[in-house]
Amino acid sequence: MPQTLKACATLPHPMAPIMTPVTRFIRESEEVFTFDLAPEQVAPFMPGQFNMLYAFGVGEIPISISGDSHAPERLTHTIRAVGPVSAALGKLKAGDRVGLRGPFGVGWPIQEYKGFDVLLIAGGIGLAPLRPVIYWLLRHRAAYGRVGVLYGARTPDDLIFRAELEEWRRTPDFQLGVAVERAGPEWTGDVGYVTPLLSKLRFDPADTVAMICGPEVMFRATALALEDAGIADSRIFVSMERNMKCAIGHCGHCQFGPHFICKDGPVHPYDRVRNLLSYREL
Amino acid sequence: MAKADEAAAVITVEGLQDLLRAIRARGYRAIGPTLQNQAIVYDDIESIDDLPRGWTDEQDGGLYRLTRREDEALFGYSVGPQSWKKFLHEPRLRLWTAERRGEDTSVTPEAPPSDRLAFIGVRACEIRAIEIQDRVLVGDLYVDPHYKARREGALIVALNCGKAGGTCFCVSMHAGPRVKHGFDIALTELLDGTEHVFLVETGSDEGRAILEQIPHDLASSREVDAAEAVIAQTASSMGRQMRSDDLNELLMNNLEHPRWNEVATRCLTCANCTLVCPTCFCTSVEDASDLTGERAERWRRWDSCFTMDFSYIHGGSVRASTKSRYRQWMTHKLATWIDQFGSSGCVGCGRCITWCPVGIDITEEVCAIRGCDASAEESV
């Protein structure tokens with residue numbers, strides 16, 4: 001599978017991180033931050049793949065790569081501080097070191113869908129794993145049909161990548177919809193969930209591939225709306241999250257039915273997981 | 001290690017002592033069954049005097065008792081609580097240490113073990129279990145260097161079981177009781193009123209070389225037949241049975257079966273079944289640092305899908321209920337394992353039944369989901 005690149009599979013100690021310097025740190029919102037790492041050994045990655053990031057003495061968590069796959073010498077990660085490890089990573093500054101393992105997993109199938117219309121639907125921090133797809137599409141714009149991106153956040157203050165959102169809004173042949181769940185009077189955009197914005201996008205359902213990243217309730221509702229719009233569930237892709245301790249298929253934590261999210265995912269075709277998703281606590 | 005490939009030999013009890021001596025002389029650390037804390041426990045052995053001579057066990061759901069045999073059998077019991085997993089896939093293992101000196105941070109991986117272990121008395125179900133863990137830990141895209149080192153250095157002295165335990169069902173899982181492959185040496189203990197000998201088969205060059213070093217006779221056809229009879233007797237006296245040819249479909253088509261709720265009223269989510277299971281491979285990692293904050297370590301330890309933390313992601317655990325955790329364990333073991341690794345994750349050793357404090361019986365749970373009663377399953 002071309003969306004799978006696993007340079008570290010040949011390492012003698014796949015569980016040992018490589019301490020890697022932070023070269024840039026940006027605060028995106030109150031909870032979310034982005035940093036770039038300059039890896040010693042540059043490993044190619046595909047949009048949608050993830051790394052394991054280790055905060056010294058604290059722990060390690062899986063984080064999707066949010067940067068440009070054409071420039072793997074700068075590994076960008078966008079993280080929401082919700083637990084002890086992500087909070088520790090949020091205190092880093094340029095020059096500090098982060099333990100790095102990766103890239104892992106199966107990414108978004110962008111190479112397989114050249115010529116298709118592409119819809120990307122993101123909820124919250126879910127925009128981060130989809131940003132490499134946006135970079136890819138902008139770089140290979142002529143190879144794809146219509147492009148539509150929908151992004152939903154809780155409030156205007158929670159929006160990430162704001163400068164780029166403005167850029168993408170001004171980009172020709174690039175449809176962008178942004179909605180927030182709650183907003184004050186200063187917000188002039190859409191309020192509510194992103195799914196109603198689907199009707200504003202132009203795409204040909206028979207020739208469209210859709211990629212969704214967000215909380216499970218969000219991607220299930222979105223997948224339903226996409227199916228209603230006529231997109232086959234084999235051309236809808238979702239990125240899933242589960243507890244993960246190793247990322248190499250050994251720790252067992254990320255199992256979802258027969259699938260290991262770390263090696264069979266995190267990106268799955270929706271028709272592979274939709275039935276399993278209908279069971280609670282699977 | 002291959003199939004037994006030549007005429008069997010016979011050694012005496014003293015010959016077994018010689019075998020152990022020869023194995024140790026070749027640089028192996030011998031591990032075998034010993035009597036500890038009223039259980040059969042795999043540990044270092046120096047001579048056959050360390051083996052539980054004359055002991056046997058009684059096993060049932062939530063029950064394990066050692067009792068005396070009327071003879072001096074050295075291997076006259078079925079499997080104890082522990083499997084060889086504790087040596088190959090260690091319960092607690094430091095993966096690396098890291099040190100920070102100003103700008104400079106170094107991570108030093110723990111060197112894989114270099115010792116060579118000889119496992120004495122490995123049952124057919126346990127060989128199958130080792131092969132199943134091989135598939136997960138060295139037969140996939142990523143290789144666990146610690147498991148691989150121990151596994152490649154290991155000598156397997158297998159044992160054809162002379163007694164089926166009360167919770168054994170290896171026949172149902174096609175995992176025993178006959179040892180067919182994956183061994184260096186295979187023994188069958190033969191005891192009648194007058195004679196106490198071991199039939200010896202070899203399955204590798206290393207096994208043959210060891211046998212050459214010790215006094216042995218070619219087995220007579222009477223002894224070969226006696227060994228066959230022992231294995232046949234064991235196979236026909238399994239304590240449990242479970243139809244296993246359709247479990248993936250059966251369980252995955254019954255993910256909302258009311259039985260999951262029923263078993264959840266008994267299951268304590270204590271994780272015993274996963275710890276005694278010879279194939280359960282799940283682990284967690286623990287990161288720690290010293291008081292200066294300049295030195296850190298990562299340890300890996302066995303984990304269990306029965307714990308609440310196992311499935312925790314921000315916001316809560318995916319599997320919060322007992323029902324969902326028992327369902328995860330059993331469907332993984334018997335169903336999704338087949339999708340993932342091409343075989344069932346169960347070898348029919350019965351440990352999960354014996355060591356469940358409330359006696360939950362995996363064969364009975366399958367039966368309940370199948371809609372049969374236990375007596376009907378017996379006849380399958």
Side-chain angles (χ1 to χ4, degrees), chain A residues 4 6 8-21 54-62 80 82-86 95-99 104 125 215-216 241-260 262-264 275-276 278-282, chain B residues 95-96 98 100 103-110 112 136-137 140-145 147 248 252 255-256 280-290 293-296 298 300 303 305 309-315 317-321 323-325 327-328 331-332 335-340:
Chain A
T4 311
K6 290 177 179 176
C8 61
T10 55
L11 293 179
H13 293 278
M15 285 296 283
I18 296 168
M19 298 308 291
T20 306
Y54 166 64
F56 191 91
V58 182
E60 191 182 53
I61 49 173
R80 185 168 154 225
V82 293
V85 181
S86 51
D96 290 342
R97 278 165 193 269
V98 170
F104 296 112
I125 191 74
E216 232 159 270
E241 185 192 5
R242 282 294 182 271
N243 186 306
M244 215 176 268
K245 300 294 184 192
C246 75
I248 60 176
H250 290 177
C251 80
H253 284 247
C254 71
Q255 289 177 78
F256 177 60
H259 312 297
F260 284 84
C262 71
K263 60 175 189 176
D264 304 323
N275 286 342
L276 295 170
S278 69
Y279 297 102
R280 290 192 56 194
E281 298 190 302
L282 198 74
Chain B
L95 292 172
W96 47 259
R100 185 160 62 181
E103 288 285 281
D104 189 36
T105 310
S106 61
V107 175
T108 310
E110 195 80 359
V136 178
L137 298 172
D140 215 64
L141 183 59
Y142 295 91
V143 171
D144 173 356
Y147 181 94
N248 200 348
M252 296 313 277
L255 290 172
E256 295 293 2
C280 273
F281 58 84
C282 288
T283 54
S284 191
V285 292
E286 288 168 354
D287 287 281
S289 58
D290 70 2
E294 302 303 301
R295 214 183 118 85
R298 176 171 302 161
R300 186 185 74 191
D303 201 0
C305 53
D309 274 355
F310 189 84
S311 62
Y312 182 85
I313 46 177
H314 171 62
S317 291
V318 173
R319 295 181 208 104
S321 70
K323 164 195 164 179
S324 66
R325 284 180 259 162
R327 183 178 66 185
Q328 167 60 23
T331 55
H332 182 221
T336 54
W337 205 298
I338 298 167
D339 300 302
Q340 295 169 350

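Residue numbers begin at 1 in each chain, while the letters A, B, ... track the order of the sequences. What you see below is based on every heavy atom in this structure, not just the backbone, and it leaves out hydrogens, waters and symmetry mates. The structure presented is a predicted model; accordingly, all values stated were derived computationally and were not measured.
- Note that CG of B:L137 is 9.0 Å distant from CD1 of A:I248, once rounded to the nearest 0.5 Å.
- B:Y147 pairs by the ring-ring contact (aromatic ring centres under 6.0 Å, His included) definition with nothing, not counting sequence neighbours.
- By number of non-hydrogen pairs under 4.5 angstrom with chain A, the leading residue of B:D309, B:V285, B:T331 is B:V285.
- Considering NZ of B:K323 and CZ of A:R280, their distance stands at 8.0 Å, rounded to 0.5 Å.
- Residues A:G257 and B:Q340 share a closest heavy-atom pair of O-NE2, 3.6 Å.
- Inter-residue side-chain proximity for B:T108 and A:H13 is flagged as unmet; no heavy-atom pair is nearer than 4.5 Å.
- Each of B:Q328, B:R327, B:E110 has some count of heavy-atom pairs under 4.5 Å with chain A, and the biggest count is that of B:R327.
- Residue contact with chain A, scored on non-hydrogen atoms closer than 4.5 Å, involves the backbone of B:S311 exclusively.
- In this structure a side-chain-to-backbone donor-acceptor pair under 3.5 Å is missing from A:H250 to B:T283.
- When the candidates A:P17, A:A16, A:G83, A:G59 are compared by the number of heavy-atom contacts under 4.5 Å with chain B, A:P17 comes out ahead.
- Looking at A:V58, only its backbone comes within 4.5 Å of chain B, counting heavy atoms on both sides.
- Taking 4.5 Å as the limit, every side-chain heavy atom of A:M15 sits out of range of all side-chain heavy atoms of B:P145.
- Under 4.0 Å is where a charged nitrogen must lie from a carboxylate oxygen, and between B:D140 and A:K263 at least one such pair does.
- Contacts of A:P21 with chain B are absent, with no heavy-atom separation under 4.5 Å from either backbone or side chain.
- A:I61 contributes atom CD1, which lies 11.5 Å from atom NE2 of B:H314 (distance to the nearest 0.5 angstrom).
- Here the CZ-CD distance, from B:R325 to A:E281, works out to 8.5 Å after rounding to the nearest 0.5 Å.
- The minimum heavy-atom distance between A:G249 and B:F281, with the atom names listed, is O-CE1, 4.4 Å.
- Formation of a donor-acceptor pair under 3.5 Å by the B:E256 side chain with backbone atoms of A:Y279 is not found in this model.
- A pairwise comparison of heavy atoms in B:Y312 and A:N243 identifies O-ND2, 2.8 Å as the closest pair.
- Residues A:Y54 and B:V107 are not in side-chain contact: their nearest non-hydrogen atoms beyond the backbone lie 4.5 Å or more apart.
- Residue B:E294 touches chain A through its backbone alone, counting heavy-atom pairs closer than 4.5 Å.
- Heavy-atom distances place the backbone of B:A288, and not its side chain, under 4.5 Å from chain A.
- For a residue to count as touching a neighbouring chain, one of its non-hydrogen atoms must lie under 4.5 Å from one of that chain's; by this rule B:R319 touches chain A with backbone and side chain alike.
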Worksheet item: side-chain contact (heavy atoms from CB on, under 4.5 Å) between B:C282 and A:Q255: does it pass, once the steps are laid out?
Response: CA-CA 11 Å; B:C282 288; A:Q255 289 177 78; 4.3 Å; yes
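- In terms of the ring-ring contact (aromatic ring centres under 6.0 Å, His included) criterion, residue partners of B:F310 (sequence neighbours excluded) are, by chain and number, A:H253.
- Checking side-chain atoms of A:E241 against main-chain N and O of B:I313 turns up no donor-acceptor pair under 3.5 Å.
- Scanning all heavy atoms of the two residues, the minimum distance from A:F56 to B:G293 falls at CE2-O, 3.2 Å.
- Across B:D290, B:L255, B:I338, B:D339, the residue that shares the most heavy-atom pairs under 4.5 angstrom with chain A is B:L255.
- Two residues are said to be in side-chain contact when any heavy atoms from C-beta on lie closer than 4.5 Å; B:R300 and A:C246 fail this criterion.
- You'll find the side chain of A:E60 reaches within 4.5 Å of the side chain of B:R298, heavy atoms only.
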